[in-house]
Protein chains: 2
Amino acid sequence: MSIITIPDIVVGRLPIYLRALNFLVAEGREITSSQELGDRLGISSAQIRKDLSHFGEFGKQGTGYDISFLRDQLQRILQVDRIWDVVLIGAGDLGHALAHYGGFSGRGFRIAAVFDSDPDKVGQPLANLVIQDSQDLVDVVRQQAIYVALIATPASGAQPVADALVSAGIRAILNYAPITLTVPHGVRVQYIDPVAHLQRMTFYL
Amino acid sequence: MSIITIPDIVVGRLPIYLRALNFLVAEGREITSSQELGDRLGISSAQIRKDLSHFGEFGKQGTGYDISFLRDQLQRILQVDRIWDVVLIGAGDLGHALAHYGGFSGRGFRIAAVFDSDPDKVGQPLANLVIQDSQDLVDVVRQQAIYVALIATPASGAQPVADALVSAGIRAILNYAPITLTVPHGVRVQYIDPVAHLQRMTFYL
DNA sequence: TAGATTGTTAATCGATTAACAATC
DNA sequence: TAGATTGTTAATCGATTAACAATC
């Protein structure tokens, strides 16, 4: 038996390729090349071809890639040729910004429920939703069969929320709280910490 | 002549180490080890020791690391033992969330100016600032000697804004717009695209 | 001292790139 | 056909890990 695994670093570049292809589609372009794509993204053309070769043959020698076709293929590979319901925990400023963000739909995601533990917020409307009580988080996530979560709570609440999410069946967490989460094997976590990104740059200034 | 360069991937982990050390300080802890730090972060102890060894010797054999001391050293290395003024462009939902975010101060940053191109927003207060006209962006950034920027505009505006920022002397850009920016050598860019992070995880679901 | 943990070396592992045959 | 660009191989490059002497 042979298990073929795709390097995670390759998976991480696919959304960037997809984003660029959508941009090219919006520009009205029909054909591109690994060279052009690489120039735009600051990635070598060889790397793009190698990355794509893990999944199949999507181009034509001498011509390049049909942009719409390659986009469809990447959407399929990343499983965003469907819409994923997402649960949002935390209805503070960041939660509000995420709830109003127009960029999820069209790229495979929809915020389907919002939770907060503040009694003053529970019951209030947020975008097209109503803020629910965090006490009901596990039940609702389980019942609605939601597998993707955004954590937008203060750092102190993030680990307990993550534990609850995992027990409710969540499989992917995007964590905005500036803390490293501990989750069981099989649950994926990505982090967004703007300060960490800034600090990575000030090193060079 | 020999140029010793630190791998960027190492620089990228330092803010994670720093964050964990601050967490340990908050817990009242005084000493830690590469083993404990690695367990918390999901990183091997060897990697942590190797990363730190690029910058000096910060530990004691048999004992480990003095948490406060190592934190101070990392702050110095990352140059966040000072406060960097940051300019924020875009006063939409995300801009509001960033302006109100309490996590910048204490980690080396302070939003010092906010800009938007919408005449209805210019002049309005936002957190402890007043939204300024994007037309004045270059002048203000230059005069206040700001080197770090947050782009929180729609995708369509991000590249022109980046061009203006570069001409104003900005050296580090954290870009929330879902688009790859083209900037001159010497200007650093980091990206935050929540959808890209989510797509990287749905691949595995 | 005995036990523990660092800093560093060398080996391993994995990712990137250069190059080119295949072919549109 | 001539020119262009893919997909793939092999070489290079770089990052991670295992192991251990040094030493607190």
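Values below: every heavy atom of this structure, side chains too, minus hydrogens, waters and symmetry copies. Chain naming here is simple, since letters A, B, ... match the order of the sequence lines and numbering starts at 1 in each. Nothing here was measured: the structure is a model prediction, and the numbers come from that model.
Nearest approach of B:Tyr191 to B:Ile179, heavy atoms of both residues: CE2-O, 3.3 Å.
Contact check, A:Arg13 against C:dA15: no side-chain N or O comes under 4.0 Å of OP1 or OP2.
The nearest whole Å value for the distance from the CD atom in B:Gln35 to the P atom in C:dT6 is 9 Å. Separating the OH atom of A:Tyr65 from the P atom of D:dA4 is a distance of 17 Å, rounded to the nearest angstrom. Taking atom CZ on B:Phe69 and atom P on C:dT6, their separation rounds to 14 Å, with Å as the unit. Between the NE2 atom of B:His54 and the P atom of D:dA15 there is a distance of 8 Å, given to the nearest Å. In this structure, B:Leu70 places its CG atom 14 Å from C1' of C:dT5, rounding to the nearest Å. Residue B:Ile31 contributes atom CD1, which lies 12 Å from atom C1' of C:dT5 at whole-angstrom precision. Between A:Leu52 atom CG and D:dG7 atom P the separation is 7 Å, expressed in whole Å. Nucleotide C:dT5 holds its P atom 13 Å from the CD1 atom of B:Ile67, rounded to whole Å.
Salt bridge annotation for B:Arg200-A:Asp8: present, with a cationic side-chain nitrogen under 4.0 angstrom from a carboxylate oxygen.
Open room surrounds CZ on B:Phe23; 12 or fewer heavy atoms of other groups in view lie less than 6.0 Å from it. Applying the 6.0 Å contact sphere to CD of A:Glu27 captures more than 12 heavy atoms from other residues, nucleotides or ligands. Within 6.0 Å of CZ in B:Arg171 there are 12 or fewer heavy atoms belonging to other residues, nucleotides or ligands. The 12-atom threshold is not exceeded at OH of A:Tyr147, counting heavy atoms of other residues, nucleotides or ligands nearer than 6.0 Å. Around atom CZ of A:Arg40, more than 12 heavy atoms belonging to other residues, nucleotides or ligands sit under 6.0 Å away.
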- Determine which bases of DNA chain D form Watson-Crick or G-U wobble pairs with both distances under 3.5 Å, and write the result as a 5' to 3' dot-bracket string with | for other-strand partners. ..||||||||||||||||||||||
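Listed nucleotides: C:dT5, D:dT16, D:dT5. Nearest to the side chain of B:Ile9: D:dT16.
Within 4.0 Å of A:Ser45, counting heavy atoms only, lies no atom of the nucleic acid at all.
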- Which letters describe nucleotides 17-24 of chain D, given B = protein heavy atom under 4.0 Å from base, S = only from sugar-phosphate, - = neither? BBB--BBB
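The aromatic rings of A:His96 and A:His100 lie tilted to each other, with the angle between the two planes from 30° to 60°.
Residues B:Leu198 and A:Trp84 are not in side-chain contact: their nearest non-hydrogen atoms beyond the backbone lie 4.5 Å or more apart.
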